[in-house]
Amino acid sequence: MGDFFKKVHRIVAMIPPGAVMTYGQIAAIVGNPRASRAVGYALRAVPDGGELPWHRVVNSKGEISTRRTMQGDDDRFLQRVLLESEGVLFMESGRIDLRKYQVHF
DNA sequence: ACCATGACTGCAA
DNA sequence: ATTGCAGCCATGG
């Protein structure tokens, strides 16, 4: 695993419950504002059942995005449940209000 | 070193 | 609101 992944994981680990960060935001924090896509790639490598709060990362529109596989749907459902269990409220559009839940380091 | 692969993003129709 | 698409980038083969 590359250094970039480790940095990303380190940042994600700091997101407090009930809050979220975007892929692009994390990319900027670790040094490359344009590596948002690679951030998603890094999260894909996160083991399930770990302590890393991967569910607290959403896209720039406040939507949940996951891998495009069979598991994708399950992941999305799980992510939403986990966020809601932390108090994050989803709008009718299926998005969350970033102005309310996004944390800025 | 080269190439394909996406849990991204912003912009244009 | 949707769709399409061209940039962008760290990995892995």
Side-chain angles (χ1 to χ4, degrees):
Chain A
M1 201 180 305
D3 208 43
F4 181 81
F5 279 16
K6 293 181 182 176
K7 290 181 183 174
V8 171
H9 292 173
R10 204 168 61 238
I11 298 301
V12 174
M14 305 173 82
I15 310 176
V20 303
M21 292 214 294
T22 68
Y23 297 91
Q25 179 188 4
I26 294 173
I29 292 177
V30 302
N32 195 333
R34 310 191 173 174
S36 58
R37 208 166 180 178
V39 170
Y41 201 73
L43 283 193
R44 192 188 59 174
V46 172
D48 286 350
E51 57 260 32
L52 218 84
W54 55 271
H55 60 282
R56 306 210 259 252
V57 182
V58 299
N59 66 30
S60 64
K61 294 178 254 178
E63 303 172 318
I64 287 178
S65 50
T66 73
R67 50 184 131 178
R68 305 185 301 227
T69 63
M70 292 275 283
Q71 279 181 74
D73 293 323
D74 295 330
D75 290 344
R76 264 190 285 247
F77 179 77
L78 175 61
Q79 181 166 2
R80 173 159 178 161
V81 171
L82 289 174
L83 285 175
E84 290 179 326
S85 71
E86 297 181 347
V88 175
L89 204 55
F90 280 76
M91 300 182 285
E92 189 177 1
S93 60
R95 306 190 198 179
I96 66 179
D97 190 344
L98 287 179
R99 294 176 305 178
K100 188 173 181 182
Y101 303 107
Q102 182 175 19
V103 286
H104 305 277
F105 290 165

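So that the names make sense, note that chain A is the first sequence line, chain B the second, and so on, each numbered from 1.
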S.K.: Return the NZ to CG distance between A:K100 and A:L98, rounded to the nearest 0.5 Å.
M.R.: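 Answer for the NZ-CG pair, A:K100 versus A:L98, is 12.5 Å.
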S.K.: Students often get this wrong, so: under 4.0 angstrom with heavy atoms, is A:D75 touching a base, only sugar-phosphate, or nothing?
M.R.: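 No contact.
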S.K.: Less than 4.0 Å between a side-chain N and a carboxylate O, is that true for A:K6 and A:D3?
M.R.: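 Looking at A:D3 and A:K6, the cut-off is not met.
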S.K.: What is the separation between atom CH2 on A:W54 and atom P on B:dC8, rounded to the nearest whole Å?
M.R.: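 For the pair A:W54 CH2 and B:dC8 P, the rounded distance is 14 Å.
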S.K.: Can you measure A:I15 atom CD1 to B:dA7 atom C1' for me and round it to whole angstrom units?
M.R.: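 So the two atoms are 13 Å apart, to the nearest Å.
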S.K.: Please report, rounded to the nearest Å, how far the C1' atom of C:dC8 is from the CG atom of A:N32.
M.R.: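 In whole Å, C:dC8 C1' lies 8 Å from A:N32 CG.
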S.K.: Do other residues, nucleotides or ligands put more than 12 heavy atoms under 6.0 Å from the CE atom of A:M70?
M.R.: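 At most 12 heavy atoms, drawn from other residues, nucleotides or ligands, come within 6.0 Å of this atom.
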S.K.: Look at the side chain of A:Y41 and the base of C:dA10, then say whether one donor and one acceptor between them are separated by less than 3.5 Å.
M.R.: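 Checked by distance alone, the answer is no.
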S.K.: Starting from P on C:dC9, measure out to CG on A:L43 and report it in whole angstrom.
M.R.: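 One finds 18 Å between P of C:dC9 and CG of A:L43, rounded.
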S.K.: Rounded to the Å, how far apart are A:F4 CZ and B:dG6 P?
M.R.: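 Atom CZ in A:F4 sits about 17 Å away from atom P in B:dG6.
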S.K.: Looking only at the side chain of A:R44 (C-beta and beyond, no hydrogens), which of the listed nucleotides B:dC8, B:dG6, C:dA10 gets closest?
M.R.: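 Closest nucleotide among those given: B:dG6.
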S.K.: Given C:dA10, B:dC8, B:dG6, identify the nucleotide with an atom nearest to the side chain of A:Y23.
M.R.: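 Output: B:dC8.
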S.K.: What is the distance, to the nearest angstrom, from the CD atom on A:E63 to the P atom on B:dG10?
M.R.: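 My rounded result for the distance is 12 Å.
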S.K.: Atom NZ of A:K7 to atom C1' of C:dT11: distance rounded to whole Å?
M.R.: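 Whole-Å distance recorded here is 15 Å.
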S.K.: Need one value for A:R68: base, sugar-phosphate or nothing, where a base atom within 4.0 Å counts as base even if backbone is also close, heavy atoms only.
M.R.: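 The residue A:R68 makes sugar-phosphate contact but no base contact.
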S.K.: Rounded off to whole Å, could you give me the CG-to-P distance for the A:L98 and B:dG10 pair?
M.R.: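 A:L98 atom CG is separated from B:dG10 atom P by 11 Å.
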S.K.: Can you tell me how far apart CD1 (A:I96) and CZ (A:R80) are? Round to the nearest 0.5 Å.
M.R.: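 With rounding to 0.5 Å, CD1 (A:I96) is 10.5 Å from CZ (A:R80).
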S.K.: Both A:K61 and A:G2 contact DNA chain C. Taking the nearest nucleotide for each, which residue is further toward the 5' end?
M.R.: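 Here A:K61 is the residue nearer the 5' end.
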S.K.: Ignoring hydrogens and angles, does a donor from either the side chain of A:R34 or the base of B:dG10 sit under 3.5 Å from an acceptor on the other?
M.R.: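 Absent.
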S.K.: Measuring only between side-chain heavy atoms, which start at C-beta, is A:V57 closer than 4.5 Å to A:I15?
M.R.: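 The answer is yes; the side chains approach within 4.5 Å.
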S.K.: For the side chain of A:A35, counting heavy atoms from C-beta on, which of B:dA7, C:dC8, C:dC9 is nearest?
M.R.: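 Nucleotide nearest to A:A35's side chain: C:dC9.
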S.K.: Heavy atoms only, 4.0 Å cut-off, all strands: where does A:S60 land among base, sugar-phosphate and nothing?
M.R.: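 Sugar-phosphate: the residue A:S60, judged by heavy atoms under 4.0 Å, touches backbone atoms but no base.
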S.K.: Ignoring the backbone of A:R37, work out which of C:dA10, B:dT9, C:dC8 is nearest its side chain.
M.R.: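 Nearest listed nucleotide: C:dC8.
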